[in-house]
Amino acid sequence: MDIDKIRQDFPVYKKYPKLCYLDTAASSLTAQPVIDAINDYYNSYSVNVHRGVYQLSFELTQKYEQARQTVADYLNASFEEIIFTRGASSALNLVAMSYGLNALKPGDEIIVSELEHHSHVLPWQHVAKKTGATLIYVPLTKEGRITVDNFKAVLTNNTKMVALTHVSNVMGYETPLKPIIALTHEKGALISVDAAQSLPHKTVDVKDLDCDFLAFSGHKMCGPTGIGVLYGKKHLLDEMTPVEYGGDMNDYVEKHDVTLKDIPYKFETGTPPIAAVLGLKAAIDYLKNIGETAILKHENTLKDLALEGLESIDGITVYNKNTDTGIIAFNFDGVHPHDAVTYFDEDDVALRAGHHCAQLVMKFLNVPATLRATFYLYNTKDDVAVFLKSIKAARTFFTEIGF
Amino acid sequence: MDIDKIRQDFPVYKKYPKLCYLDTAASSLTAQPVIDAINDYYNSYSVNVHRGVYQLSFELTQKYEQARQTVADYLNASFEEIIFTRGASSALNLVAMSYGLNALKPGDEIIVSELEHHSHVLPWQHVAKKTGATLIYVPLTKEGRITVDNFKAVLTNNTKMVALTHVSNVMGYETPLKPIIALTHEKGALISVDAAQSLPHKTVDVKDLDCDFLAFSGHKMCGPTGIGVLYGKKHLLDEMTPVEYGGDMNDYVEKHDVTLKDIPYKFETGTPPIAAVLGLKAAIDYLKNIGETAILKHENTLKDLALEGLESIDGITVYNKNTDTGIIAFNFDGVHPHDAVTYFDEDDVALRAGHHCAQLVMKFLNVPATLRATFYLYNTKDDVAVFLKSIKAARTFFTEIGF
Amino acid sequence: MRLENLYRQIIMDHYKNPRNKGLTSDPTYQSEHIKNPSCGDDITIQSKVKDGVIEDIRHDGTGCSICCSSASVLSQRLKQTTVDEALSVITAYVNMITNQPYDPSIELEDAEAYEGIKDFPARTKCATIAWKALEHTLKK
Amino acid sequence: MRLENLYRQIIMDHYKNPRNKGLTSDPTYQSEHIKNPSCGDDITIQSKVKDGVIEDIRHDGTGCSICCSSASVLSQRLKQTTVDEALSVITAYVNMITNQPYDPSIELEDAEAYEGIKDFPARTKCATIAWKALEHTLKK
Ligand SMILES: Cc1ncc(COP(=O)(O)O)c(C=O)c1O
Ligand SMILES: Cc1ncc(COP(=O)(O)O)c(C=O)c1O
């Protein structure tokens, strides 16, 4: 993996050569081939899909559906199991609003965790309120992890739905999904997996994992904004009803009746985000080409270096020393993360301060907010050095001015 | 209006100089400043909005929210009344699924029309089925128009909701909305306006029109795919519940409870389609700069020329001789539109053949499908000539081979 | 003019004078209703198989000339063939249309007239939809 | 280092030793709860107005140093002023922070220490949130 070459693929570095970008968990930088794919759409097509029978639209429709096949292949799913959405949040909502609201009833139990991003806990909180089902939280270990044993402790014969993140966007922990999914299915329950923070770093084989639903976003994996994917098992999607009705999702329309298209189209009304779909394909091709094993290894090397450095600085608390990915959550003792982050910004170190759309994690850690640094494929050892230098100087500064 | 100069702004013409693009009602071509805005995002930002407190993200968030203000100003609405969605279909669904499903009950009446795009009739068909409300169709005139008198004929004290298109995407007719909206409000009912085919051609002042909801898409007005807008009156949006829950739409998240952000954010969960929002702003600026009165005048000049030409050719039926916009729906007598369109494609004339997501219009016209040509700001008198020449030659060809 | 290659006389003949048109309510027939409403195509193919032989094929509906005529050609070509032969003819036909290699020894008869479609990929679906529907029935 | 301009001594003093901190349950006070949860800011401002004069201001909550200290500075500066004067001080302060012209004859006192924020637009909100909350209460 030639990082210098990889960095050339990210034009933001051309504009800001000194930028130390460590906010990938919020959004990754966008790779040049993705931007090229988007430009190719607007410069050489810029027409609609599915609807035209002239050559330009026909060709584009083929490219567009090839992108769906690329996503399907990437997940080891079938073409019709891939639904394009606005983003991971929208995809996760589709499961809750289409499946959850219709299938659950009072007495049923939904298992979630405090590690969930708001986009995976709030839809199920809503479903619980609307259907009378009970929302149950997996107890986390002291370290903040979901374990198979803790999962077993809440799994009952009433469990009908499980909604868990694959990788936490604050703690970076990977959930042991495979045994959890097997247990879930033994109870006849279904599982929705939030892969927004895992797919950018590792391939997922949905057949092997045997998850029922899985969602992710393009903008976290070098791809465009405005595109997400819901994978769902065919037989489940077949039975589910759409949450939106309109053009392109139906066969016959009568004044008072409609017959729906088959999956995936019945879930995709209206003109799709064509440019973003083509960009997502380019992002997947890009990551495949580099190789995700190499990416994860690289991230982890940088993260280990960073953790080592942080340990040698006093007055810093790291919340996830055993993180499984490139994500580090930490704070300066006595300094609000919002204060700290301004310091880093002055050094062109882009970090995140806040609750990261995961307030239940903040409550678990008993802090109002944290700093978060993410290392990804385009980061270098230099980035780690710059990061650590800025941290050290900031720590001195805040101590000196009396924090 | 200097058309030659305008055509330079549409890069698809550089790639296909001979293209006679008449499928704008499906999707317009994309203007260069829009593509530039998208590239500027990916090349100079490519970070997330709202979440970062570092400079790059802060600056971007300001640009992003300025785009919302641009949309608001364009419609004469307020900032918080503008909700970004995936497209017009999604925006129209939001009204039906959030307002309609919750507010309507058996006995209530919903007025729609056969001129509606599927994306504006199917959501209300669904609401009617779910709530027990009755879906009522405005009788169209012989010509296929919605008139104030015909609207009065179906307006009753039970009318709770009216869903009408501003401009029909097949017939090109403009609905006389202003008096219809006044009548609607006299009954205490609300109106949802589908402006997907009107906003590309004319400005709409939502205060003056006094509509309750209004939706449109970026890709039909020289803008990007993957972005639409729902305008709603503040006091209505305030009362409505979200259809999706997740990150960025809440204030405080507890395990079993959540407090929502104010509008517009409570309807916008997840990372938004940032690039497309910035592109939409550029599209609006672009259209404003040219001037929409000039655009509509130009379209109508070309359309009149085209209609005149069509009249002199035997064996062609035009369904909307009195169209108010640049849209012409027609057929070759005895030739399926799908056959005809292949002929035009050979001449690089991009026309649409099909039901245009408006099967109720097809039923009204008593045809399985039609051809449709749209004239827009980038079309020229040469395009009209090429179009007519191709039509004439096609007519001869199909007659000769025995259709 | 490439279009002359598309609308060959045989095709126009089947379009204007379709063979085996009109549906039956005989329950020994299998029906396949084809949905392609975005093109305005609405076609039903019925087939009756006995002892491994397709005894009859019926079709009806509306659609473009390519779609309707190819249903007629299909019914003519595959009536009275064995299911196995029918399947290989269908494969050959679909491959020809989509510009892929196919066994030239297979007699396509009138269906050969659709070769020109390979230059009009946007029309592939029109020419194959009836054939794929029958294939689907036969493979059930 | 630009950051020294931001974290001036006066600010740190108010952050470490906040004036008028702690809420009251006295119903003659108006309360304004400030929501900025994405930053972890959670502040309440209480004010008691009698005969056009702000008799007391209280505040409490958690947040960054700029947010918490500015609530303290605000309480100190605006206590015992008339509502009219308070509104003009608030306007001057907010304009100073957002780099817009403001009346230099208005005495900002300790609040002047926040001038450096104008170079940190990402922190504008932290420095103004308490002030805008009070403005909102006063204009009610
Ligand atoms: C774990 C996780 N799930 C879901 C999401 C939501 O993704 P998006 O904002 O793209 O909808 C995010 C990103 O913020 C995330 O980190
Ligand atoms: C009148 C009308 N309404 C709604 C839509 C749906 O817009 P979109 O496909 O962008 O969601 C269209 C476009 O197809 C339209 O023409």
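Lettering of chains follows the sequences in order, A, B, ..., and the numbering in each one begins at 1. Here the structure is a predicted model, which means the values were calculated and not measured.
Residue N39(A) touches chain B through its side chain alone, counting heavy-atom pairs closer than 4.5 Å. Only the backbone of S28(A) has a heavy atom closer than 4.5 Å to any heavy atom of chain B. Only the side chain of K129(A) comes within contact range of chain B, with heavy atoms under 4.5 Å apart. Proximity to chain B is absent for every atom of P242(A), based on heavy atoms less than 4.5 angstrom apart. With a 4.5 Å cut-off on non-hydrogen atoms, Q55(A) touches chain B through its backbone and its side chain both. Looking at V47(B), both its backbone and its side chain come within 4.5 Å of chain A, counting heavy atoms on both sides. Heavy-atom distances place the side chain of H126(A), and not its backbone, under 4.5 Å from chain B. Using a 4.5 Å cut-off between heavy atoms, Y13(B) makes no contact with chain A at all. F10(B) does not touch chain A: none of its heavy atoms, backbone or side chain, sits under 4.5 Å away. Residue F344(A): no heavy atom, backbone or side chain, is found under 4.5 Å from chain B. Only the side chain of K363(A) has a heavy atom closer than 4.5 Å to any heavy atom of chain B. At a 4.5 Å heavy-atom cutoff, the contact between V243(A) and chain B is made by backbone atoms alone. Heavy atoms of I38(B) lying under 4.5 Å from chain A belong exclusively to its side chain. Heavy atoms closer than 4.5 Å to chain A are found in the side chain of E114(B), but not in its backbone. Proximity to chain A (any heavy atom under 4.5 Å) is shown, for L94(B), by neither the backbone nor the side chain. Of the two parts of Y42(A), the backbone and the side chain both hold a non-hydrogen atom closer than 4.5 Å to a non-hydrogen atom of chain B.
Applying the ring pair (Phe, Tyr, Trp, His ring centres under 6.0 Å) criterion to Y265(B), with sequence neighbours excluded, gives H50(B).
We find the CG-OG distance between L140(B) and S113(B) to be 6.0 Å, quoted to the nearest 0.5 Å. Taking OG1 of T241(B) as the start and NZ of K130(A) as the end, the distance is 6.0 Å to the nearest 0.5 Å.
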